[in-house]
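As structure tokens, the structure follows; a few thoughts come after it.
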Amino acid sequence: MSNIRETLEVKISTALSSVAELPDSKANVIIASRSEFGDYQANGIMSVAKQLKSNPRELAQQVVEQLGHDPLIDHYEVAGPGFINIHLSNSWLEQRSKELQNSIQSLIPQVAEPQTIVVDYSSPNLAKEMHVGHLRGTIIGDSLVRVLEALGHKVIRQNHVGDWGTQFGMLIAYLQSLSTDHDIQSTQLADLEVFYRAAKARFDTDPDFAATARACVVKLQAGDTQILAIWEQFIEESLHHCGAIYEKLNIKIQPSDLRAESFYNNRLQGIIDDLNDKNLVTVSDGAKCVFLDQFKGKDGNPLPVIVQKSDGGFLYATTDLAAIQFRGVELGAERVLYVVDARQSLHFQQIFAVAHEAGFVKETCKLEHIAYGTMMGKDGRPFKTRSGDTIKLVDLLDEASRRAFVLVSDKNPDLDNALRQKIAETVGIGAVKYADLSKNRTSDYIFDWDSMLSFEGNTAPYLLYAYARIKSILRKQEDTSVSSSNIIITDNAERALIIKLLQLPEVLQSVAKDYLPSHLSTYLYELAGIFMRFYEACPILKAEPPIKHSRLLLAEITANTLKEGLHLLGLETLEQM
RNA sequence: GCGCCCGUAGCUCAACCGGAUAGAGCAUCGGCCUUCUAAGCCGAGGGUUGCAGGUUCAAGUCCUGCCGGGCGUACCA
């Protein structure tokens with residue numbers, strides 16, 4: 001029994017179905033909306049009463065009688081127009097929470113049927129350095145992966161980096177034009193953003209260079225060994241940049257998770273052939289297209305999914321189709337999640353539809369676009385530098401650590417420099433990640449240094465502080481007999497804390513169901529708040545045993561839960577701040 | 001034009017898929033440190049949930065129509 005809400009839902013639904021003589025009646029149990037309504041409430045009685053044309057309060061009363069005694073429940077209450085308010089039993093809470101003393105693993109529910117889930121996230125374009133546009137997908141994707149894995153799914157990460165296409169011709173030609181010396185080339189690539197801009201400028205102003213660049217693309221696609229070698233060098237350098245970012249961000253994606261666009265090159269023609277065989281291809285204006293009825297363009301004209309350009313070139317839709325097939329067939333995906341910017345939603349609707357139409361994956365394989373909004377500056381416009389350039393991710397992360405260092409030094413100047421630096425890094429990076437994860441991913445998100453690095457409100461610093469504070473208390477306890485003691489509820493603050501702790505499973509299931517890490521961050525923020533209230537109301541070290549021991553256990557379980565929750569979001573904790 | 005997303009306190013965001021009096025934080029104002037980290041806690045003010053209808057015992061949530069915003073919409077990704 002790991003999920004209280006679900007347990008109650010089953011119990012009360014069964015009783016309701018039996019009393020109402022309507023199978024599959026739903027009790028619709030949720031956490032009580034106000035504390036005076038108990039711990040949980042059942043909302044489903046009224047709609048069933050409506051169907052039965054009976055009095056909802058009387059029906060609720062009958063359901064309560066049918067439920068009888070239960071160790072989990074202290075008492076039920078019929079309230080309002082026909083709610084059942086549910087009050088959990090203190091002794092059950094005490095017993096259940098004691099089971100968490102050695103490990104909180106039982107708060108992480110395991111799925112009954114583990115699935116193979118492919119998650120496509122981060123996926124930067126290697127032509128440029130990672131910029132702020134890659135931040136959300138990388139962070140959100142990483143957290144979802146952690147949660148899905150924790151629940152027992154087999155998760156396969158796929159970093160679908162862009163390593164192919166016309167701009168690489170330009171970059172290769174530019175690199176070649178500078179020097180053929182390998183070391184000098186490496187130096188030139190140290191700042192990819194600058195390099196890209198210089199190449200682009202030359203491309204736009206120098207016709208001869210532009211011609212060379214186009215020739216490079218052709219040679220690259222034809223497999224010219226010399227050009228390929230330069231391309232590989234470029235990719236290697238660019239991946240090195242990405243790796244540095246992932247390390248700073250503490251992202252779990254590995255080099256082995258890389259499956260670059262070029263990986264699919266030799267499968268693209270096969271995709272076209274397959275579509276052809278299934279009579280899905282129409283040639284329109286020289287381009288090979290798939291037209292599906294559900295997609296209409298301007299003036300109601302059919303909207304194509306172009307899979308091969310009129311010049312014979314393939315597009316990202318073709319690559320994505322090849323990737324879907326690979327994931328479904330060779331990786332055995334039962335679900336494929338694309339953690340990608342919301343602006344690409346039409347693209348994904350189209351290729352998902354084409355993939356299913358063409359039978360590239362089984363009918364049962366679920367393809368889902370986990371869309372997220374655009375990152376905005378404080379002015380509500382897309383987040384850019386003052387001069388209008390995109391902001392490099394590495395610069396943003398360095399600034400986060402720098403700002404955090406100033407704050408940490410201000411709050412705790414006595415700590416030695418190296419320790420402050422370490423704290424600043426964890427706080428700074430944590431702040432950037434948490435600010436994003438704590439908001440609903442679907443809406444646009446306003447990036448604001450001051451609010452994310454604030455130590456007040458729903459922020460990483462607040463949560464990390466709460467954790468460090470608990471650890472500080474635990475370090476001060478010398479009594480070793482704690483583990484054998486019981487948890488005893490003597491105050492409402494203790495009770496509220498226990499209930500909150502036991503609600504972690506419900507939250508994790510909700511994160512996995514809706515792909516919303518923000519549900520977890522909200523939970524952690526509330527947990528920290530409830531702990532702080534407990535901390536204010538209930539002295540721990542100054543209490544006498546066995547209450548002292550009980551409170552120490554609660555503090556320890558809370559710390560472990562915060563740590564685990566933050567870990568699932570991708571945040572590291574600090575023992576000291 | 002059509003499609004998708006969005007509109008909640010001055011600002012940033014919630015609201016567990018239709019439930020009881022719409023909640024937090026910031027900012028503003030007022031309390032609490034000889035007491036486990038005050039990076040904290042407690043309290044106050046602040047709302048016609050863009051507008052108008054509809055469905056329902058019950059609507060921020062579902063349906064319709066407006067208004068306002070963002071994004072997308074045939075050979076970029």
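So you know, we letter chains A, B, ... as the sequences are listed, proteins then strands, and number each from 1.
- Only the C1' atoms considered, B:C62 is 14 Å distant from B:G19, to the nearest whole Å.
- Nearest to the side chain of A:Lys309, among B:C75, B:C36, B:G19, sits B:C75.
- At least one side-chain nitrogen or oxygen of A:Lys50 sits closer than 4.0 Å to the OP1 or OP2 atom of B:C57.
- Here the two rings, on A:His369 and A:Phe352, have centers that are 6.0 Å apart or farther.
- If you take atom P in B:C13 and the same atom in B:U8, they sit 10 Å apart, rounded to whole Å.
- Residues A:Asp320 and A:His347 bring a donor and an acceptor atom of their side chains to less than 3.5 Å of each other.
- Ring orientation note: the planes of A:Phe447 and A:Trp449 are nearly perpendicular, at an angle over 60° on the 30°/60° scale.
- Looking at heavy-atom distances under 4.0 Å, A:Ser47 makes contact with a base.
- Base pairing analysis places B:A20 opposite nothing; no Watson-Crick or G-U wobble pair with both distances below 3.5 Å involves it.
- Between A:Tyr462 and A:Tyr525, the distance from one ring center to the other falls under 6.0 angstrom.
- Contacts of A:Ser510 with the nucleic acid, taken as non-hydrogen atoms under 4.0 Å apart, are absent.
- Side-chain N/O atoms of A:Thr138 and A:Ser122 include a donor and acceptor closer than 3.5 Å.
- Shown here, B:A14 forms no base pair; nothing in the strands shown gives a Watson-Crick or G-U wobble contact with both key distances under 3.5 Å.
- Contact annotation for A:Ala468: base contact, defined as any heavy-atom pair under 4.0 Å involving a base atom.
- Taking atom P in both B:C17 and B:U55, the straight-line distance is 25 Å, to the nearest Å.
- Looking at heavy-atom distances under 4.0 Å, A:Asn125 makes no contact with the nucleic acid at all.
- Residue side chain A:Glu261 does not reach the base of B:A77 through any donor-acceptor N/O pair under 3.5 Å, judged by distance alone.
- Across the strands present, B:U35 finds no partner; the criterion is a Watson-Crick or G-U wobble pair with both atom distances under 3.5 angstrom.
- Between the base of B:A20 and the side chain of A:Asn85 there is a donor-acceptor pair shorter than 3.5 Å.
- Look at CD on A:Gln344: it is 10 Å from P on B:G72, rounded to the nearest Å.
- A cation-pi arrangement is not found for A:Lys309 relative to A:Phe314, the charged atom failing to lie both closer than 6.0 Å to the ring centre and inside a 45° cone about the ring normal.
- Out of B:C75, B:A20, B:C36, the shortest distance to the side chain of A:Asp285 is found at B:C75.
- Ring-base stacking between A:Phe37 and B:A20 is satisfied, the centre separation being under 5.5 Å and the plane angle under 30°.
- Nucleotides B:G70 and B:G18 have their P atoms positioned 30 Å apart, rounded to a whole Å.
- Across the protein-nucleic acid pair, A:Glu36 atom CD and B:U21 atom C1' stand 9 Å apart, rounded to whole Å.
- Within 4.0 Å of A:Pro304, counting heavy atoms only, lies at least one base atom of the nucleic acid.
- Of the N and O atoms on the side chains of A:Tyr338 and A:Gln344, not one donor lies less than 3.5 Å from an acceptor on the other residue.
- Atom name C1', nucleotides B:G7 and B:G45: the rounded distance is 25 Å, in whole Å.
- Nucleotides B:C41 and B:A24, compared at atom P, are 13 Å apart to the nearest Å.
- Aromatic ring centroids of A:Tyr264 and A:His160 lie under 6.0 Å apart.
- Geometrically, A:Lys128 engages A:Tyr196 in a cation-pi contact defined by less than 6.0 Å to the ring centre and at most 45° from the axis.
- Side-chain nitrogen and oxygen atoms of A:Tyr372 include none within less than 4.0 Å of the OP1 or OP2 phosphate oxygen of B:C71.
- Within 4.0 Å of A:Asn412, counting heavy atoms only, lies at least one base atom of the nucleic acid.
- One atom, OH of A:Tyr535, and another, P of B:U35, lie 11 Å apart when rounded to the nearest Å.
- Regarding A:Leu520, its CG atom lies at a distance of 19 Å from the P atom of B:C13, rounded to whole Å.
- Note: CD (A:Glu526) to P (B:C41) measures 13 Å, nearest angstrom.
- An aromatic stack links A:Phe83 and the base of B:A20, using centre distance under 5.5 Å and interplanar angle under 30°.
- Not a single donor-acceptor contact under 3.5 angstrom links the side-chain atoms of A:Asn458 to the base of B:C13.
- Pair assignment for B:U55 gives none, since no Watson-Crick or G-U wobble pairing has each distance under 3.5 Å.
- Straight-line distance between the P atoms of B:A74 and B:U28: roughly 49 Å, to the nearest whole Å.
- Within the nucleic acid shown, A:Lys476 comes within 4.0 Å of sugar-phosphate atoms alone, with no base atom in reach, counting heavy atoms only.
- Using a 4.0 Å heavy-atom criterion, one finds that A:Ser284 contacts the bases of the nucleic acid, with or without backbone contacts as well.
- Nucleic acid contact for A:Asp444: sugar-phosphate only, since backbone atoms but no base atoms lie under 4.0 Å from a heavy atom of the residue.
- With no hydrogens or angles considered, no side-chain donor-acceptor pair links A:Tyr523 and A:Glu506 at under 3.5 Å.
- Rounded to the nearest Å, the gap between the P atom of B:G23 and that of B:C66 is 33 Å.
- Across all strands shown, A:Ile31 has heavy atoms under 4.0 Å from base atoms, whether or not it also approaches the sugar-phosphate.
- Nucleotide B:C66 is matched to B:G50 when pairs are restricted to Watson-Crick or G-U wobble geometry with both distances under 3.5 angstrom.
- Among the heavy atoms of the strands, none lies under 4.0 Å from A:Ala342.
- Under the Watson-Crick or G-U wobble criterion, with both distances below 3.5 Å, B:U61 has no partner in any strand shown.
- At a threshold of 4.0 angstrom between heavy atoms, the contacts of A:Ser310 include nucleobase atoms, whether or not backbone atoms are also involved.
- Among the protein residues, A:Ala537 comes within range of no part of the nucleic acid, since none of its heavy atoms lies under 4.0 Å from any strand.
- Under 4.0 angstrom from either OP1 or OP2 of B:A15 there lies at least one side-chain N or O belonging to A:His519.
- Of all nucleotides present, only B:G3 satisfies the Watson-Crick or G-U wobble test against B:C71, with each distance under 3.5 Å.
- Distance CG (A:Leu346) to P (B:C71): 16 Å, rounded to an integer number of Å.
- When the side-chain nitrogen and oxygen atoms of A:Arg34 are compared with OP1 and OP2 of B:U21, none of them lie within a distance under 4.0 Å.
- Looking at heavy-atom distances under 4.0 Å, A:Met532 makes contact with sugar-phosphate atoms alone, never a base.
- Applying the 3.5 Å distance criterion, the base of B:C17 shares a donor-acceptor pair with the side chain of A:Lys513.
- Regarding A:Arg343, its CZ atom lies at a distance of 15 Å from the C1' atom of B:C6, rounded to whole Å.
- To the nearest angstrom, P of B:A74 lies 14 Å from NE2 of A:His347.
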